[in-house]
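Contents: one structure, followed by commentary.
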Amino acid sequence: MKSPSLKNLSKNFRSRSPFEWLLLFLVSVLVVIALLGSSSSTFNSVTSSVKNDIYTNYRKLKEQARSDYLELKSLAVGENQIKDVGVCGKERENYVPCYNVSANILAGLKDGEELDRHCELSQERQYCLIRPPKDYKIPLSWPAGRDVIWSGNVKLTKDQFLSSGSIMKRLMLLEENQIAFHSQDGMMVDDVKDYSHQIAEMIGLGSDTEFLQAGVRTVLDIGCGFGSFSAHLLSLNLMALCVAAYGSSGSHVQVALERGLPAVIGNFISKQLPFPSLSYDMVHCAQCGVIWDSKDGLFLIEIDRVLKPGGYFVLTSSTTQQQGSSTGAKKGIMSAPLEEFTKKLCWSLLEQQDETFIWQKTVDSQCYTSGKQDTIPICKGQDMQLYYQPLAHCISGTGSDRWVPIHSRSDSMNSTELKVHGVYPDTFFEDSEFWKSAVRNYWSLLSPLIFSDHPKRPGDDDPLPPYNMVRNVLDMNAHYGGLNAALLEAGKSVWVMNVVPLGVHNTLPLILDRGFAGVLHNWCEPFPTYPRTYDLLHGSGLLSHLESQGCSIVEVLFEMDRILRPEGWIILSDKLGPIEKVRMVATQMRWEARVVDLQDGSDQRLLVCQKSFVRK
């Protein structure tokens, strides 16, 4: 007669042959032995001389145990099951879920909505590893990698290169196997630096180095081309985030991401952007293809929603009407509908030069209800958890405590600003101190692992951890953005995409007010980016959150593999149970997995993984 445990197994697994049961039993014994001996053999002790100085030692999992896991025909994690993991077909090299235009058209979507994000129409996910293109090479480290990329890493055709704008043709020098983003002549009139300087002068500054002094810390770059303007702003210590539409045959945003620049796939044809109101100091559009005076001004209303009080909207477009002689300088003329809409939004036209217009958003929240002109109605309710909601024909943010002009902000978060976000100063300080310590220890963890692939020559000193060994980080559960702040304070040449998951306290307004990049995201869905985007994925408490939301951890792991570049790194911090589950799945996904026991009396563990370079 079968025992209760065997009855449970028979419910969860298909019928097995005696040999399969014997194999499963032997592997189970090995797992139990590994877990019982973890404190003394699998995990290294970590001795801490300073509070929170942890993670200083690690050890690879036993290779024999790893091979045993790989021999399993299937592995069950809760209700999720995966079979032996193979490699996806070539057609998925640049695959981005939720952007299936043909399926959207079949579903009856039109008028641009077929180009939007529709995860509800996506096909069932495949448990396979997306291989890199045949000629893919590991990106160059910064700062070189920001200006030079391998042409085989992106899907950019010769026709796309030739059809790029006049500025881009001068900035992109296509070599045999590289694309370089720099000008041959720094004195060009339409050089990106000159363009940035022109914008600064138009808003009353002496040069673009004064953007920060004028309150401009964050810029939303709509369209963004190949990211050269964003890259320049990044060099000025501004955070410029590119948002551009998905392109199945190659995309400018994919090139920007390959350069390691902050970017996400997105547009606002029918849905709002995944940001709260009052998020950015400047919104920029240079020939971005948006017809701003269409749809009764809905696109301009969305720009007003994400702009902070006193923020700037910069529009450079060759589609504006022109006046002037054929030999003289041409001057753009604003269309009548565009001029009418901007007045309704209480925007002031600061300056116009050639094809470039700059408006400034009002700092007076009462302007929208003054009755001086035909105004747009005020939205009802808060939009703190907006997530791909339909575009709304109403003004947002006027009643928010965050309605603070960009010129009136402090350089760092003070107690008054923290109170607006519902955060206690002591809690914020403790969080900051924790992440400062964590960054030091993360670097000490990763440095020897990275250098192990490049052993020193005889007689050479041990090299110091490089400040630029990763270009970008995706913090999948960003909390207050403490990891981002700690990396900046430590002088690391890296930017962070801070993700606030749905279902947790929404700290995205706080993160954006700190001058960082961030988005809201539901991790039960794929992330809006191309494959091989990030060098390092980080998640503190992410696995427990996924379980609480009913998300499939296995599906999230395959999504992480999709967006992580080959030989990229993953650091997960969570309770022992979820960490063990992920470690076992990671071995099937060909990740090298290392577990660090914090030795602080808790059941918290670190899981450090490296993605392999899968060719076939």
Side-chain angles (χ1 to χ4, degrees), residues 203 205 210-220 237-241 274-283 304-312 346 360-369 378-386 395-439 475 477-490 495-496 498-500 504-520 540:
I203 64 176
L205 304 178
E210 299 177 9
F211 275 137
L212 287 172
Q213 298 171 242
V216 178
R217 294 186 300 174
T218 57
V219 179
L220 185 65
N237 296 320
L238 275 65
M239 173 49 64
L241 175 63
F275 311 114
S277 297
L278 317 178
S279 294
Y280 289 93
D281 305 320
M282 178 182 287
V283 176
D304 182 84
R305 185 183 71 83
V306 300
L307 263 182
K308 292 179 179 290
Y312 304 96
C346 292
Q360 185 173 27
K361 179 175 177 175
T362 182
V363 298
D364 180 13
S365 61
Q366 302 301 316
C367 177
Y368 301 100
T369 57
I378 304 298
C379 297
K380 297 180 180 180
Q382 299 294 322
D383 66 347
M384 291 288 287
Q385 281 279 28
L386 280 183
I395 302 296
S396 301
T398 56
S400 171
D401 292 335
R402 296 176 56 239
W403 185 278
V404 179
I406 63 173
H407 310 87
S408 304
R409 290 183 317 219
S410 59
D411 293 334
S412 58
M413 299 298 293
N414 55 40
S415 58
T416 302
E417 292 173 322
L418 290 174
K419 184 178 179 180
V420 168
H421 294 283
V423 178
Y424 291 106
D426 289 346
T427 303
F428 187 78
F429 176 78
E430 290 175 4
D431 182 78
S432 298
E433 291 302 306
F434 171 81
W435 286 112
K436 289 177 186 178
S437 175
V439 163
D475 194 355
N477 190 15
H479 303 285
Y480 301 144
L483 176 65
N484 194 155
L487 287 167
L488 289 176
E489 186 169 329
W495 63 269
V496 179
N498 297 278
V499 179
V500 177
V504 304
H505 175 60
N506 186 11
T507 56
L508 185 57
L510 170 62
I511 290 171
L512 295 173
D513 284 354
R514 298 183 74 177
F516 303 155
V519 293
L520 285 173
S540 176

List the residues meeting side-chain contact (heavy atoms from CB on, under 4.5 Å) with L238, not counting sequence neighbours, and say none if there are none. F211, L212, V216, V219, L233, L236
Any sub-3.5 Å donor-acceptor pair from S277's side-chain atoms to V306's backbone N or O? no
Could you list the residues that satisfy side-chain hydrogen bond (donor to acceptor under 3.5 Å, both in side chains) with N414, not counting sequence neighbours? S410
What distance do W403 atom CH2 and D364 atom CG have between them, rounded to the nearest 0.5 Å? 8.0 Å
Test of understanding: with side-chain contact (heavy atoms from CB on, under 4.5 Å), list the residues that count as partners of S415, not counting sequence neighbours. P425
Do you know which two heavy atoms are closest between G518 and L508, and how far apart they sit? C-CD1, 3.6 Å
If the plane angle is over 60° it's perpendicular, under 30° parallel, otherwise tilted; pick one for F428 and Y480. tilted
Among all residues two or more places apart in sequence or in another chain, which pass the side-chain hydrogen bond (donor to acceptor under 3.5 Å, both in side chains) test with R217? none
Residue set satisfying side-chain hydrogen bond (donor to acceptor under 3.5 Å, both in side chains) with K308, at least two apart, ordered chain then number -> D513
Among residues at least two apart in sequence or on other chains, which ones pass salt bridge (charged side-chain N to carboxylate O under 4.0 Å, His left out) with D281? R409
Which residues pass the side-chain contact (heavy atoms from CB on, under 4.5 Å) test with S279, sequence neighbours left out? F275, P276, L512
Sorted by chain and residue number, the side-chain contact (heavy atoms from CB on, under 4.5 Å) partners of E210 (sequence neighbours excluded) come out as L205, S207, Q213
Residues which pass side-chain hydrogen bond (donor to acceptor under 3.5 Å, both in side chains) with D304, listed by chain and number, not counting sequence neighbours: W347, Y368
